[in-house]
Amino acid sequence: MEHGQELQTPDWMSCLPAELLDVPLWNLAIPGSHDSMSFCLDLSSPVLGSEPVALKVLEFLFPCFTRPCIYRWATTQQTVLRDQCELGIRYLDLRIARKPAGGSRLYFHHAVYTLIAVEEALSELAVWLDAHPKEIVIISCSHFEGMTDTDHMRLAEDIITLFGKKLCPHEDIPTLHSCWSRQHQVIVSYENDQMVQQHPELWDAIPYWYADSPDPKKVVAYLEEQKHRQRPGFYVSGLNLTEDITYVLLHPYLNMRKLTMRSLSLLLKWTSEQSPGKEDGAVNIVCCDFVDVSHFCSLVIGLNYKLLGFDNVITDYSLCR
């Protein structure tokens, strides 16, 4: 691979060299989006009950100030799932909730609820998968909010009905070859042990490691420490920065996009230095905010060529569109 070569990301899995097709997916480098559905937050919806008391008090006293502020800081993506997949994203971080007055439909959330319902987003994803039959997407269903056992059962059944034979059962060791031979395209990580025990189509929750800090240097230091822990199979290294209500109030002219953009070079530099594989210290899924504003996806995909002895295909981590 030549220095600076651009990868064809919509079908990058089907374009990987033959030597990588029998590597377990948890030993490949896979780009993911953090809070994948936060591009469609509903400013008219209430703040989640699980949010800090201080935020809920501010929202009650000063809704005209608080709602736009929440939108600026809780929005971490700008594009729909289809477009994220076109960029090369293969791990989707879906946080699911039932709205207090939303009937039986389920939505996504990040501080507030989304405009788009779960069934609509997953149906869009199923259409994209039909058009890209050799691409495998990992869906993480987690951070459930306000959901009953009945909601979980219905959601699991809807996922199984929608994706059908595309679902890879959790007893498999998935490789690209094995998934293609069985027409598997979807791995569903589900953060509810009871549902996983009842449905072999669902996988245990995939660990998501993040630093819980707005400081990119602390994010990098934390990820360096975490990647030497015992490998759990699939796992996520989160490049995402995290703020609290105090930080937001002390930085009134910032927002999550600006915070991410000014830290992106450092975060992508760390990413470019990583390698996938089964060895201690290897990375697997790497998640980022605003995946459409940089060469993040190509950078992570390019890490896989290190398994063949090549330097990373994409090395210019400062290029931002």
Side-chain angles (χ1 to χ4, degrees), residues 1 5-33 36 79-94 121-141 159-190 200-203 206 233-236 275-278 282-288 291-292 295-308 310 312-314:
M1 294 295 169
Q5 180 178 345
E6 185 68 33
L7 292 168
Q8 297 301 311
T9 51
D11 294 286
W12 67 265
M13 287 180 159
S14 63
C15 295
L16 286 178
E19 297 92 327
L20 300 180
L21 302 185
D22 290 308
V23 174
L25 295 183
W26 48 69
N27 290 336
L28 294 179
I30 298 172
S33 58
S36 306
T79 57
V80 298
L81 296 188
R82 178 188 64 252
D83 291 346
Q84 292 181 36
C85 290
E86 285 285 310
L87 288 168
I89 293 297
R90 295 295 179 269
Y91 170 93
L92 299 170
D93 174 20
L94 304 183
L122 294 185
S123 295
E124 175 191 305
L125 180 60
V127 171
W128 186 87
L129 288 166
D130 285 339
H132 301 269
K134 286 193 170 183
E135 299 303 300
I136 292 89
V137 173
I138 302 168
I139 301 172
S140 173
C141 300
I159 288 172
I160 293 167
T161 299
L162 176 63
F163 294 113
K165 67 179 182 180
K166 287 184 172 69
L167 290 168
C168 177
H170 63 233
E171 67 266 16
D172 281 8
I173 298 178
T175 68
L176 290 173
H177 255 159
S178 71
C179 288
W180 295 345
S181 67
R182 300 165 189 169
Q183 297 182 296
H184 293 160
Q185 286 188 271
V186 182
I187 292 171
V188 179
S189 159
Y190 202 94
E201 299 91 347
L202 304 179
W203 291 59
I206 295 174
F234 288 115
Y235 76 97
V236 180
S275 297
K278 60 184 179 181
V283 297
N284 176 214
I285 301 165
V286 184
C287 274
C288 192
V291 296
D292 61 319
H295 289 283
F296 164 74
C297 288
S298 293
L299 182 63
V300 175
I301 296 164
L303 297 178
N304 291 301
Y305 290 83
K306 292 186 177 183
L307 294 171
L308 304 176
F310 292 102
N312 196 351
V313 178
I314 302 297

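What you see is a predicted model, and the numbers here were worked out from it, not measured in a lab. Counting begins at 1 with the first residue of the sequence.
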Atom pairs and distances, side-chain donor-acceptor, residues 130-137, under 3.5 Å, sequence neighbours left out:
from: D130; atom 1: OD1; to: K166; atom 2: NZ; distance (Å): 2.6
from: H132; atom 1: ND1; to: D11; atom 2: OD1; distance (Å): 2.8
from: H132; atom 1: ND1; to: D11; atom 2: OD2; distance (Å): 3.4
from: H132; atom 1: NE2; to: E86; atom 2: OE2; distance (Å): 3.1
from: H132; atom 1: NE2; to: W128; atom 2: NE1; distance (Å): 3.3
from: E135; atom 1: OE1; to: M13; atom 2: N; distance (Å): 3.2
from: E135; atom 1: OE1; to: R90; atom 2: NE; distance (Å): 3.1
from: E135; atom 1: OE1; to: R90; atom 2: NH2; distance (Å): 2.9
from: E135; atom 1: OE2; to: M13; atom 2: N; distance (Å): 3.3
from: E135; atom 1: OE2; to: S14; atom 2: N; distance (Å): 3.1

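Applying the salt bridge (charged side-chain N to carboxylate O under 4.0 Å, His left out) test to pairs two or more places apart or on separate chains, none has a residue in residues 15-27.
For the side-chain contact (heavy atoms from CB on, under 4.5 Å) test, residues two or more places apart in sequence or in another chain that qualify with H184 are C168, P169, D172, C179, R182. Residues satisfying the side-chain contact (heavy atoms from CB on, under 4.5 Å) criterion with S36, sequence neighbours excluded, are S33, L81, Q84, L92, D93, L94. Every residue two or more places apart in sequence or in another chain was checked for a side-chain hydrogen bond (donor to acceptor under 3.5 Å, both in side chains) with S189, and none qualifies. Evaluation of the salt bridge (Lys or Arg N to Asp or Glu O under 4.0 Å) rule for D83 yields no partner, not counting sequence neighbours.
In this structure, L202 CG and I187 CD1 are separated by 12.0 Å, a value rounded to the nearest 0.5 Å. Interatomic distance, NE2 of H295 versus CD1 of I301, reported as 12.0 Å (0.5 Å rounding).
Contact record, P276 with A29: CB-N, 3.6 Å, taken as the closest heavy-atom pair. Taking every heavy atom of both residues into account, V188 and I159 meet most closely at CG2-CG2, 3.9 Å.
Between F234 and W203, the ring center distance clears the sub-6.0 Å criterion.
T175 and S178 share a donor-acceptor pair across their side chains, judged by distance under 3.5 Å alone.
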